[in-house]
Amino acid sequence: MSLKKSLIATGIWMLIVIAIGAYGIWYILSQNLPDAQLKERMSMFGSGFGIFAGIGLAVIWLPFAARMGAEQREKRERAARRKKKR
């Protein structure tokens, strides 16, 4: 995936994450819960949701980072081979 596509995918992913997060918060707040239980549920939701969002971003960016790393290694190897030939 190119940088442009990764950025577009990140923007779309973040919109999805914000929408799901807002719905989750609204759903938890709409329940008639005591404060202690509300805090506990919000904490559990936030922890799990952060992991969910992070995994989505990793799926988008890790292949891009791997490709860029491979290109950089190849450039260094070519430069080293040229330097040895001289």
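Along the sequence shown, residues are numbered consecutively beginning with 1.
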Step-by-step salt bridge (Lys or Arg N to Asp or Glu O under 4.0 Å) determination, E71 to K75: CA-CA 6 Å; E71 288 176 8; K75 284 180 186 178; 5.7 Å; no
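Each side chain to side chain donor-acceptor pair (under 3.5 Å) pair with one or both residues in residues 45-56, not counting sequence neighbours, would appear here, but there are none. Applying the side chain to side chain donor-acceptor pair (under 3.5 Å) definition to pairs two or more places apart or across chains, those involving residues 5-30 are T10-W61.
Taking the charged nitrogens against the carboxylate oxygens, K83 and E77 have no contact shorter than 4.0 Å, which rules out a salt bridge.
Residues V17 and I12 share a hydrophobic cluster, clusters being chains of Ile/Leu/Val/Met/Phe/Trp/Tyr side chains in contact below 4.5 Å. F49 and V59 fall into different hydrophobic clusters, where Ile, Leu, Val, Met, Phe, Trp and Tyr residues are linked whenever their side-chain heavy atoms come under 4.5 Å apart, directly or through other members.
The distance from atom CD1 of I8 to atom CG of L3, rounded to the nearest 0.5 Å, is 9.5 Å. If you take CE on M42 and CG on D35, they are separated by 11.5 Å, rounding to the nearest 0.5 Å. Between I20 atom CD1 and I25 atom CD1 the span is 12.0 Å, to the nearest 0.5 Å. To the nearest 0.5 Å, atoms CD (Q72) and CD (E74) are separated by 11.0 Å.
Residues P63 and A58 approach most closely at CD-O, 3.9 Å, considering heavy atoms. Residues R41 and I28 share a closest heavy-atom pair of O-CD1, 4.0 Å.
Counting only heavy atoms from C-beta outward, the side chains of L33 and E40 never approach each other to under 4.5 Å. At least one side-chain heavy atom of L38 sits less than 4.5 Å from a side-chain heavy atom of L29. Two residues are said to be in side-chain contact when any heavy atoms from C-beta on lie closer than 4.5 Å; P34 and Q37 meet this criterion.
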